[in-house]
2 protein chains.
Amino acid sequence: MPTLNEVAQKAGVSTATVSKVLSNTPYFSEATRQKVMQAVEELGYRPNLAARALSKGKTHVIGVVFPYIYDRVFTDPLVQRILEGVEGECSQRGYNLLLSTPQLAAQGPDENYLRLLHSGYVDGLVALDNVPVASVLEPARARNVPAVAIGYQPHAYYVHSDDHQGGQGLMEYILGLGHRHIGVITVRDGLNYSIRQRIAGLQTAAEAAGLNFAELPQIEGRFSLASGAECARTLLEQHPQITALACMNDRMALGALHYAREAGIAVPAALSVVGYDDISSAQHAVPPLTTINQQALQLGRMATRMLFELLDQTEPASVVLPTELIIRASAAPPVVQK
Amino acid sequence: MPTLNEVAQKAGVSTATVSKVLSNTPYFSEATRQKVMQAVEELGYRPNLAARALSKGKTHVIGVVFPYIYDRVFTDPLVQRILEGVEGECSQRGYNLLLSTPQLAAQGPDENYLRLLHSGYVDGLVALDNVPVASVLEPARARNVPAVAIGYQPHAYYVHSDDHQGGQGLMEYILGLGHRHIGVITVRDGLNYSIRQRIAGLQTAAEAAGLNFAELPQIEGRFSLASGAECARTLLEQHPQITALACMNDRMALGALHYAREAGIAVPAALSVVGYDDISSAQHAVPPLTTINQQALQLGRMATRMLFELLDQTEPASVVLPTELIIRASAAPPVVQK
DNA sequence: CGCGCGTCGTTAAACGCTTAACTATCAGGA
DNA sequence: TCCTGATAGTTAAGCGTTTAACGACGCGCG
């Protein structure tokens, strides 16, 4: 591959001049500009980014970090959506995207990730950082690598969705339909800050309606559709009086729907099911799933914009995105019984 | 961030020695090893990858290229799955993943991508390269950047799934059920080699059964679920005698299912629908979708392994992966009528 | 006429690492 | 004793950029 030097030779000038022309740094004549451009053209020269990175200390690469915790990273439709947002912002600005999926153990992220972080290979980081066990951004902060968290990280720049509001809205909706026997399908507490907030939101709404939230039947799934189906079965077998199921993500809600169909339980006539996330398949489920849209795309976009502000030396403000209740057809008033 | 030099100073040796110790190049004593390691430890030293890249000409980064054609890149569940495969192989070997989503115009990929390609920033490329308009790997070949295509690129190292076999299997299955009035939902020809092959497969099977394939009603969708629904409507309104719909991807098949449900057409009793891809939501559709599994995960894995072989200077063999017919519940024999 | 300044271009150092070439030391064999 | 060769470590060049520092030139102005 041709180098700056070869271009310089060909154009009959020094490398410094070529560099100036290419970076549009003042003080070169139109004539030399022409010569240089011509040489660049003929050789098909393109700068070596590694060299540039070394010299400038900037790589134009930002790292996207999806730690590998409860789930294979890319099975979560939200991740995909976030990535889409990040990607859009980056490519708009001519930045490249380095994907990192560190293992996250209690003592911190894995060595591979740390090497990347300290390598000078990325100008900044956008990280899904939302679990209590350990923060992937902690080491970044220690090394002064600009970073934005998607999640609940009060000590960092962050963006997250208003999960409390979302949870509350969801519960208010169910209560408003008239349900009182409500089962909750959640995940193990302490796995994820967002879900903890959603639960808190449910609780707020429940207690505002005079229900004792702690007495509502709850069960812990593992995020997946299959686990949702299983949880629905267990919950309904143990508490046949349940008329509504609030699931803390859409995949588990879809699982619940799946179970209901197999068990011959009509949704929403005999059982209401609501989810959380508004993943794309929620819309086409049978029946279409009532859920909370948490704007994953926007999450990715915002985080990336904030990172760019950081890179531009301006202090970004952390953001909390509002959620929206998406009413479809999987929930209805309970049939009056007994 | 600490540099090699600082480590060397602290350990009281030369940078060359430190470098040797760290890369385990022969000829240093246990004593110096200890000193060096201690210094590394205390300073928290980690190599600057840009410098290393410049010096060695290797970055340990491979580029994953998903050109941006008919669709926003990450909306296709297959892309996600392929990415998962690539990611797994890479992180196993300590490689990092750079994501590139070039715009693909007739005259070739965009400048941003070319810059990346020529930058020396990636050691190799795995590319979804499967469209007739232009190849993203063409410029890679021109620059001698090792690359593997996922798709039909006979001039390159490639891996693709046996779409002809898949299409044929799908059609044989439908014919075997007894259908003769079969509608085909495809995409604009020339958009995608794989789909062209699938169609060829359908045709092979149809003609083996004595059907004139060209006379079967066909319509072109745009990959998406919504377009599938629309196509199903059009096709069925124009050709009410159709008893089965063969869709060239699952999303359009899901759309067809969606339309059928709305229109009150019972699947599979009154209409059989089959898809292609076996995306995860196919399994949970109502009714569960009969489709062809094309092993997207494996596609990503294989391509990456081939790339690593290439990087190891060994000539990889291109691969064609077999497909598998996944029989679920969206297709059944036609009701004998008239 | 001479000085200063704006313009255009060059030289060379620096970024942090790898590695070929080199020096020094020491043990063992002839 | 001397030579050889293995071992241990150093020096310095090189990877391809950027950029600070510097020189040369010409022009306008006092």
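Reminder, nothing fancy here: chain letters follow the sequence lines and each chain counts from 1. Note that these values count all heavy atoms, side chains included, but never hydrogens, waters or copies made by symmetry. The structure displayed is predicted, hence computed values, not measured ones.
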Regarding [X], tell me which of base, sugar-phosphate or nothing describes its non-hydrogen contacts under 4.0 Å with the strands shown.
X	value
Pro26(A)	nothing
Ser29(A)	sugar-phosphate
Tyr27(A)	base

- Task: Mind telling me whether Tyr95(B) and Phe308(B) have parallel, tilted or perpendicular rings, with 30° and 60° as the class edges?
- Result: perpendicular

Is the shortest side-chain N/O distance from [X] to OP1 or OP2 of [N] below 4.0 Å?
X	N	answer
Ser14(A)	dT11(C)	no
Arg52(A)	dG16(D)	no
Thr3(A)	dG16(D)	no
Tyr45(A)	dT17(D)	yes
Thr17(B)	dT10(D)	yes
Thr32(A)	dC8(C)	no

Among dC15(C), dC17(C), dA12(D), the one nearest any side-chain atom of Leu54(A) is dC15(C)

Rounded distance (Å) that lies between atom [atom2] of [N] and atom [atom1] of [X]:
X	N	atom1	atom2	value
Leu4(B)	dC17(C)	CG	P	4 Å
Phe28(A)	dC25(D)	CZ	P	22 Å
Lys20(B)	dT11(D)	NZ	P	12 Å
Asn48(A)	dC15(D)	CG	P	12 Å
Gln9(A)	dT17(D)	CD	P	13 Å
Leu49(A)	dC15(D)	CG	C1'	14 Å
Leu22(B)	dC17(C)	CG	C1'	11 Å
Tyr121(A)	dG16(C)	OH	P	16 Å

Per nearest nucleotide of DNA chain C, the residue lying toward the 5' end, Thr15(A) or Lys35(A), is Lys35(A)

Review point. Is there a donor-acceptor contact under 3.5 Å linking the side chains of Ser135(A) and Asp129(A)?
Key: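 Yes, side-chain donor-acceptor contact under 3.5 Å.
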
_For the residue pair Gln34(A) / Glu30(A), report whether a side-chain donor-acceptor contact shorter than 3.5 Å exists._
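Per modelled atom types, Glu30(A) and Gln34(A) side chains form a pair under 3.5 Å.
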
For this session: Report yes or no: is there a donor-acceptor pair, N or O only, under 3.5 Å between the side chain of Ser55(B) and the base of dG14(D)?
Result: yes

Q.
Under 4.0 Å between a side-chain nitrogen and a carboxylate oxygen: does that hold for Glu111(A) and Arg115(A)?
A. no

- request: Taking only Lys NZ, Arg NE, NH1 and NH2, and the carboxylate oxygens of Asp or Glu, determine whether Glu6(A) and Lys10(A) approach each other closer than 4.0 Å.
  value: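 Salt bridge between Glu6(A) and Lys10(A), a charged N being under 4.0 Å from a carboxylate O: no.
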
